[in-house]
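So the structure is just underneath, and the comments pick up after that.
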Amino acid sequence: MCAEELDFITKYDLLGCIQCGRCTGGCPVAMRTPLRVRCFMYDTQNEERLEELSERPEIWDCTTCYTCAARCPKGLEPLEVLIGLRSIQIEEGRVQPTVRDALESIFKDGNPWGSPRAKRLDWIKDLEVKILEPEAEETTDVLLFICCTDAYDPRVMKVAQALVKVLQAAEVDFGLIGEDESCCGSEVRRLGEEGLFEMCDEENVELLNSFNVNRIVAISPHCYNTLKKEYHGLKHPVLHYTELVAQLLEDGKLQLKGEIPKVVTYHDPCFLGKQNDIYDEPRYIITRIPGVEFREFDRCRERSLCCEGGGGKMWVESESKEERLAEIRVTDAKELGAEVIAVACPFCLLTLEDATKVKGIEEEMRVADILELLAEAL
Amino acid sequence: MNGKPKIGVYVCHCGTNIAGVVNVEEVVQFASTLPDVVVARNYSYMCSDPGQALITDDIEKFGLNRVVVASCSPRMHEPTFRKTLLSGGLNPYFLEMANIREQCSWVHEDPIAATEKAKRIVEAAVVKARRLEALDVKEVDVEPACLIIGAGIAGIQAALDIADAGFKVYLVEKSPTVGGHMAQLDKTFPTLDCSACILTPKMVDVANHPNIELMTYSQVEEISGYIGNFEVKVRKKSRFVDMDKCTGCGACAEVCRMAGRIPNEFDEGIGMRGAIYLPFPQAVPAKYTIDKENCLFLSKGKCGESPKCKEACQAEAINFDLQDEIVEFKVGTIIVATGYDVFDARKKPEYAYGVYDNVLTALEFERLVNASGPTGGKIVMLERGKKKKKKEGEEVEPPKVPKSITFIQCVGSRDKSVGNEYCSRVCCMYTAKLAHLAKDKIPDCEVTIFYMDVRAFGKGFEEFYDRVRREGVRYIRGNPSEIFKRGDKLVVKAEDTLTATPLEHETDMVVLSVGLVPRSDNREIIDLLKLSQSSDLFYLEAHPKLRPVDTASDGIFLAGVCQGPKDIPDAVAQAKGAASAAMIPMASGKVKVEAQTSVVNEATCRGCGFCVAVCPYTAIELVEVNRNGWPVKVARVNEALCKGCGACAAACLSGSIQQRSFKDIQILPQIQALGVK
Ligand SMILES: Cc1cc2nc3c(=O)[nH]c(=O)nc-3n(C[C@H](O)[C@H](O)[C@H](O)COP(=O)(O)OP(=O)(O)OC[C@H]3O[C@@H](n4cnc5c(N)ncnc54)[C@H](O)[C@@H]3O)c2cc1C
Ligand code: SF4
Ligand code: SF4
């Protein structure tokens, strides 16, 4: 299996690693799981060990938050080695049933939640939204790319609805793909299912390119990251909704009349902050909501703490008995005196809200997407 | 001596460098059949004494008047063989080198093809050699004076050496005092000499030396000319204090309305100063300076009823009308010793420098442990940005002493993510030194150093590292990834890589061992002197091994950290090297200038000025001449400035400007011989 060894070493530039430890040092899950990503950078240099290493349960603890890569002084991406090991398992068909179901559902119905395609637009309810026609004559300004989680999860749905209300208030010309919309594949790639991701990439690029629009606005940072950085041949520019909304506010196109007299803090999603350097727009939006008193987490921006929602972790159960990061996060928010934790990502919304329940503080601590706050302040 | 060419060809083996791939005997055999070749030989090392003797003997024996050496790149040994020709009585420009090493044996593996290529290269050289002309080497006088830019330890040492040898030195320093970074340090590794004790005597010496004209708070504005004859223009910025009258008593600083309100650069901002200030008590010259950006009178036009400093100065030295002064002088050589900046720790936001008061850079910590620093050498927890003004009757709590101090090495070094791939060479040792000082001053303090490698390569370094470890400083192998806060403790998130244990290490104070980086204002000097930079953006030396203090421009030398990170002993050694290199032309009084300069055929020149635009040495200008009664512009070359780069000849559309030894009639047949049609 010499080819495979060469592949691992060259593919992940393993020989560039100086074993400095910044990756494990920054890894948010290292303190609560056995994952030592630095050791994988060393151990995977030995081809004979790849099989055995891929069987280690802790490779599934990685949230793909990207901290390890952001901190690496040699420009390496240690998390990709873990994804590579996951691929070995996936190829051999050895995956947890929950992961298998999610992947199958994406293959069949274009979403990981085991729901039929026909229900993809149910979240719209009685909102009136344009559904885009492929190859239309007329150009629509914005194509909204709705994450599967926003489309199907009854809680997160409210965020997508809020987005529609906000854009309508600002008179933005936008439309949706409709039932043909499919999972972006971000989690697919991170679970190690390379083949299925290639399919997502190809089919979505073809679909998206068929629409006559100026730009694509993604509601989830995970979709945003994948469309923007991992797809091949996409011709439209991609924005995260915070970029669009911040611009609307700055241009005076979005007026906020309602008040939210609360102490609000903001949790940076890894896929928006650490991975795409979008730190200022969300803060700009929040601080423009009348009545809001904004307080910053101590661990914020580049030093923000991961909520553990990414990297396929929605479908992988952790064995760790240690306190979950989302729980640490909501406790920190409480100590900060915050009443609302604002987020800008469907996974953060779910993990943090769940953590408030585990901690029994759901009454005093609200977790809300920025869009929900905006919709309330219209 | 331009009679019928009689050419000797010498093919070098260069050990096995050439002969390992190229069949040198076959090349010699081939060369001997070429027209005008009188003798062809091969030898193991042509550059050696016996190799050179082959050439001089043959010149005598066969009456050779052209020599072709087929060996390495001309860069190294062209000067060697030119001297050989000279000692054999030939004009040195009758030499042509055929590069069959870098351009042949080193880059090819197939011996047969490589040998064929070598023959081509040799033939082309022979063809050109036939057309070579004798050139005169001119000499110019050297002004026996040196300009030194930057008065850190490197600039100071170079200035003292040159001045002691009897030459005039103009030492120009940008800041109000000489001393540079070394003046900010407390003790120095590995011997723990007190930095001030070994530096201040030298600072005083440069100020008092009869051969040194010291210009502080000054900037070089213009430099023109060439080795031996540089014209320099320096701006001496106004201090608004009459240097002749100021006694350095400091009465002004005490009363300044801005006193204690401006971060003192010398203290890295952890100590405060006023608008009129002396950077530190031992500053040289011991004269006060008004910083016009912060002075109320100079920036706002009003300072209370009247400027207090002026009232307080008994010597009547303060004069708000003083203007900048421009001085001009001539020097023969220049030494650049502009030093470095420390890495801006804000570029690594994960370490939260600038967020938490007690995350310090190592240079800030140097000021904190320094007996003449803002705390008198007491290591205390910082409260930054807070006014220390106490209300009437209020008890001021004494500052807290840290119970634990943690150092992080390699901040901004060996780190591609901030674009600095290199090792800064001093941080391992200064960290050990600062850890030792911390332990020394606060014996029960828990001192930890996070490192990824300890590079203790210098004299006495490993011994020092050993000593510091045994003093109880804890070394943990792992480069930390993040700093955050828990209660009133700082938490350093890292991995102990020797045991694969992730850590959340709690501490009172973190010191970031920041690396050395090129100065942010280096552009000024690069533009003035046309210096090149290496990939790390420090100034580039002419050769990494054999010409470490020279630059590509004759007469301009480098000393200290501006050329690359180094410690004080290395900076001083390099300064002494640069001083002696600069003294060579000054001592001989004359220098040879490039002979392979460009010449203009004024009869065909169209005066378009393309050559003027491309010349990197501003050696060409357009002048008016009379052509058949009409005034026309033509290009003219200043041969003293021309470095023979050939850019003009390549740019000229009419072929009117030609470079000696590379004229069209010389190189076109050469190119043809290589097989190009
Ligand atoms: C925290 C720390 C601790 C250290 N501890 C030690 C130690 O213990 N032992 C040791 O050997 N080394 C130590 N070093 C390294 C030491 O500081 C350097 O080796 C030394 O200071 C280099 O001197 P220099 O003259 O090359 O540069 P600098 O000290 O930087 O001096 C350059 C001078 O040039 C001036 N200048 C710059 N640009 C211009 C311009 N355009 N015109 C005019 N003037 C200009 C500057 O103002 C400055 O005065 C330490 C470094 C740091 C950061
Ligand atoms: S941070 Fe990069 S170089 Fe350092 S141990 Fe991890 S992968 Fe290797
Ligand atoms: S991506 Fe995040 S969770 Fe995964 S190994 Fe890197 S730092 Fe740890």
Side-chain angles (χ1 to χ4, degrees), chain A residues 13 16-43 58 61 65-78 268 273-274 277 279 296-306 322-323 325 328-329 331-332 335-336, chain B residues 343 345-356 359 406 408-424 450-455 475-505 515:
Chain A
D13 196 10
C17 172
I18 50 170
Q19 291 290 303
C20 67
R22 270 194 207 162
C23 45
T24 308
C27 177
V29 299
M31 290 297 286
R32 60 181 302 265
T33 74
L35 179 61
R36 306 287 177 265
V37 66
R38 172 190 58 85
C39 299
F40 283 98
M41 293 299 284
Y42 185 72
D43 294 341
E58 68 262 32
D61 285 324
C65 69
Y66 203 73
T67 309
C68 51
R71 302 285 160 72
C72 175
K74 296 293 170 184
L76 309 180
E77 297 185 315
D268 286 280
K274 277 184 187 136
D277 285 325
Y279 297 110
E296 202 63 274
F297 274 114
D298 169 55
R299 304 176 78 171
C300 62
R301 300 178 69 99
E302 292 88 347
R303 297 181 296 124
S304 181
L305 186 62
C306 172
E322 301 287 324
E323 194 178 32
L325 302 178
I328 299 179
R329 206 64 175 153
T331 313
D332 284 351
E335 274 169 23
L336 194 65
Chain B
F343 173 75
R346 283 186 182 79
K347 291 188 182 154
K348 294 209 69 71
E350 57 266 39
Y351 292 150
Y353 174 76
V355 177
Y356 303 132
V359 177
T406 302
I408 299 181
Q409 292 198 169
C410 297
V411 178
S413 306
R414 304 176 66 191
D415 191 341
K416 273 191 195 166
S417 71
V418 292
N420 298 342
E421 286 198 49
Y422 57 87
C423 163
S424 288
F450 281 96
Y451 71 103
M452 45 188 181
D453 296 298
V454 171
R455 298 185 163 171
Y475 274 80
I476 301 180
R477 192 193 176 281
N479 203 289
S481 204
E482 196 168 301
I483 297 175
F484 62 95
K485 213 158 187 181
R486 185 177 289 149
D488 53 8
K489 291 279 182 187
L490 293 168
V491 181
V492 176
K493 228 173 111 44
E495 182 195 14
D496 178 342
T497 60
L498 296 182
T499 57
T501 315
L503 304 172
E504 290 189 349
H505 172 85

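Because only heavy atoms are used, hydrogens play no part in the values below, and waters and symmetry mates are left out as well, while side chains stay in. Below, chain A is the first sequence line, B the second, and so on; all start at residue 1.
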Contacting region of B:Pro349 [heavy-atom separation from chain A under 4.5 Å]: both
Proximity breakdown for B:Val418 and chain A, heavy-atom pairs closer than 4.5 Å: neither
Exercise: identify the closest heavy-atom pair between B:Glu350 and A:Arg303: O-CD, 3.3 Å
Heavy-atom pairs under 4.5 Å with chain A, option from B:Ala500, B:Gly478, B:Cys410 with the top count: B:Ala500
A:Arg36 and B:Glu495 ion-paired at < 4.0 Å: no
Residue pair A:Arg22, B:Asp415: steps toward the side-chain contact (heavy atoms from CB on, under 4.5 Å) verdict: CA-CA 11 Å; A:Arg22 270 194 207 162; B:Asp415 191 341; 3.0 Å; yes
Atom group of B:Arg486 that falls short of 4.5 Å from chain A, counting heavy atoms: neither
Reported CD1-to-CG distance for the pair B:Ile483 and A:Asp298, which is rounded to 0.5 angstrom: 11.0 Å
Contacting region of B:Tyr356 [heavy-atom separation from chain A under 4.5 Å]: side chain
Gap between atom CG of B:Leu498 and atom CD of A:Gln19 - 0.5 Å precision: 10.5 Å
B:Lys347 atom NZ, over 12 foreign heavy atoms within 6.0 Å: no
Per-residue contact mode, A:Cys39 against chain B (heavy atom under 4.5 angstrom): side chain
Minimum side-chain heavy-atom gap A:Arg299-B:Lys493 below 4.5 Å: yes
Taking every non-hydrogen atom, the tightest pair across B:Pro502 and A:Ala30: CG-O, 3.4 Å
Point-to-point distance, once rounded to the nearest 0.5 Å, from CD1 of A:Ile18 to CZ of B:Arg414: 4.5 Å
Side-chain (B:Ser481) to main-chain (A:Gly26) donor-acceptor, under 3.5 angstrom: yes
Region of A:Leu305 that comes under 4.5 Å of a non-hydrogen atom in chain B: neither
